[in-house]
Amino acid sequence: MRIFWFELKKVWKNRLCLPLLFVLCVITVLLLLEEDPKGAAGRRMAISYLTEDYTFYASLSDSEKEEFRQAMVEKYGEDVFDSYGVPDEVSLSPPGYFGENQADFNFINVVTTLTRFQNKIDEIRRSVVEAAKAFGRDAVREGNDYEIRRNLDVIRLYQKARTPLTNEIRNWNRFLFTPYPVLLVLFAVFFLCSGIFSKERDSNAVILLATSANGKGEIVVAKYAAAAVSAAGCFILIRGVSLLTVALNFGLSGWDQPVWGIEELAYCTHDLTVGQYVFLAMGCELAAVLVIAALCTSVSALSKSSVISFLINALVLAGCVGLFFLEPREELLKGPLALATPLRYFESYYTANVLTYPIPWMPLHMILWGLLCTAGVFFSGQYFSRVRERI
Amino acid sequence: MNLSVKNLTKKYGSKTALDQVSFSLDPGIYGLLGPNGAGKSTMINMIAGILRPTAGEILWDGEEIRELDRKYREILGFQPQQPGLYRDFRAKEFLRYMSAVKGLRQTRKEMDKNIDRVLDLVNLRKDAGSMIGAFSGGMKQRLSIAQALLNDPKLLLLDEPTAGLDPKERIRLRNTIATIALDKVVLWTTHIVSDIEYIAREILILKEGKLMRSSEPADLVQEMEGKVFLVPVRPEDVPAWEENALIGNVQKRERDVLLRVISDEYPGGENTEPALEDVYLYYFRERAEEGER
């Protein structure tokens, strides 16, 4: 344990480390901030009013909701909930249906949003049921067929009742689907981990380590642990800053809403809230970051010098990012960054066929990359001691 | 406590860096003397276990060091020629790290006490809190020796430990090592004869990968009896003498120059008492210019 703390200290004592992290945090804030502080305050206020509207609407009984809908159709026409129309003066001006200070337009928007999401869910469920029907009951009975079981799994999930939306949630798209913060974390990890072993070789310190009692396994394990903790630290810092930026800029509204309300996640088959999904997504991103950290550390252990280590790791990182954005057809070719996309990996529609059983990609990727990292640690230990004999 | 080296050979491709070297060391200080490129560092690195011999064996108390593995590293203290020290660490912090790496089972208090002890030995106590990056070459060298002493090693390997030290520190270190070496096997490689002349129990002379001699300093000096002469010459004759004879010293006097000549045959002048430096020059006459005297 003592060695681990010193190894951690070595990583963070790099004079460029803290300035780099500071710059990366500033870049994160700038990339996620869309508006000036005044605009953000206005937006937060608007969202708080919206939250009140959603909460109020959710508190109504079904009959009260239906009465409101009827009244709005009578007042503004049949297509009042079909799309977000341009507000007219009547709908914008209180008094409205719900009282002296309430404009109808706000509640029309709430109902329009909720209706659109409900329609989307109904459409998905219909298409899945139709697909299931196409397989036929007989096929299911005969079946040990992977495709059928996979689809039945999806049908079962979509037949569950869905929690209705009661608040605005679209702000979270920005946090969940902006890839830059994770890329910045990866850059920090590349910077911190590429020299973990190779710098010992550059400075000849490896001789001192190699002739010490704990010089074999313990140092290798301590270095990997320091790399993992440093990577996690960078991730928590930069992703924490991005979460804080989004929260300060747009508020936390929608945190407790069902995740399928976010357009990109409409097909999500799990009953999660946005907040849960945010943490799930961050967990997946962290897993990807840890794998990249282990890869960078392994390359550092297997390289003769830091220059070689940094060059190879730059290529590795570019390859991982490239594979992720190019999206090759073969799932396994998407590289470790694919771990960072829970949307795909926790989606039952999208599973690997292992011995005819549908296994979600996430655990599969975790196992495969975990094995690769373990091999990296093992070979680092071997090579570290072999290098000593060539000194 | 015994370190035995048997027929130790190291080859790099077709080049033989060390050729069938054998010796046995009991507690005491042993000087490994040789010019640059003689194979001193190769040998000490093999004894430290960081180079694998091409042939031969290295035994600690009769057991092969590779088989002893961790047990061997626990009793080993090694000060390499070019140590890698962490410039962003403070001296004390670095020694704490090395204590952990050496697997010393100590409480924080015991560890700090031990660190203070070794810092005192190398006269760095007052610089314990300074960054290593701000250390001079000599201070780094002393810190490197301090880390080698942390585990109170039974076998202490010092590879050119006095390089970069000023005369005062050089003498201090020599006395320190002489004091702590009573219950240790210390192998001290150097090409500076005065470092080990008075403290070495035995001197091993290595030349072009071969062990030329292994004897007590007094015996080596005795062998040189009748081979060292003080020859007065005219100043203008000095270059010719330097060209044709092995000159140990050139002393300018009022009217002439007194040369210290090492020779198997009588070159003139008068015979004088030999010193260990004369032995060194005698054995390394072809390469003497490379050595730093």
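Within every chain, numbering begins at 1; the chains are lettered A, B, ... in the order of the sequence lines, protein sequences first and strands thereafter.
With rounding to the nearest 0.5 angstrom, the CZ atom of A/R15 is 5.0 Å from the CZ atom of B/R87. Going from atom OG1 of A/T211 over to atom CD1 of B/I47 covers 13.5 Å, rounded to the nearest 0.5 Å. B/N151 CG to A/S212 OG: the interatomic distance, rounded to the nearest 0.5 Å, is 8.0 Å.
Summarising the geometry of B/A100 relative to A/I3, their closest heavy-atom pair is O-CD1, 3.7 Å, with the distance given to 0.1 Å. Minimum heavy-atom separation, B/R73 to A/A210: CD-O, 3.4 Å.
The pair A/K10-B/E93 does not meet the salt-bridge criterion, since no charged nitrogen lies less than 4.0 angstrom from a carboxylate oxygen.
Inter-residue side-chain proximity for B/Y86 and A/E200 is flagged as met; some heavy-atom pair is nearer than 4.5 Å. Residues A/R2 and B/Y97 have side chains not in contact (no heavy-atom distance under 4.5 Å, counting atoms from C-beta outward). Side-chain contact between B/V101 and A/F6: absent, with no pair of heavy atoms (C-beta onward) separated by less than 4.5 Å.
With a 4.5 angstrom heavy-atom cutoff, B/L104 touches chain A only via backbone atoms. Heavy atoms closer than 4.5 Å to chain B are found nowhere in A/K199, neither backbone nor side chain. For a residue to count as touching a neighbouring chain, one of its non-hydrogen atoms must lie under 4.5 Å from one of that chain's; by this rule B/Y72 does not touch chain A. For B/R96, the parts lying under 4.5 angstrom from a heavy atom of chain A are both the backbone and the side chain.
More than 12 non-hydrogen atoms from other residues, nucleotides or ligands lie less than 6.0 angstrom from NZ of B/K154. For A/W12, the CH2 atom is densely surrounded, since the number of other residues' heavy atoms within 6.0 Å is greater than 12.
Donor-acceptor pairing under 3.5 Å is recorded for the side chains of B/R70 and A/N214.
Exactly one residue among B/M98, B/Q79, B/K102 makes a side-chain contact (heavy atoms from CB on, under 4.5 Å) with A/L208. That residue is B/M98.
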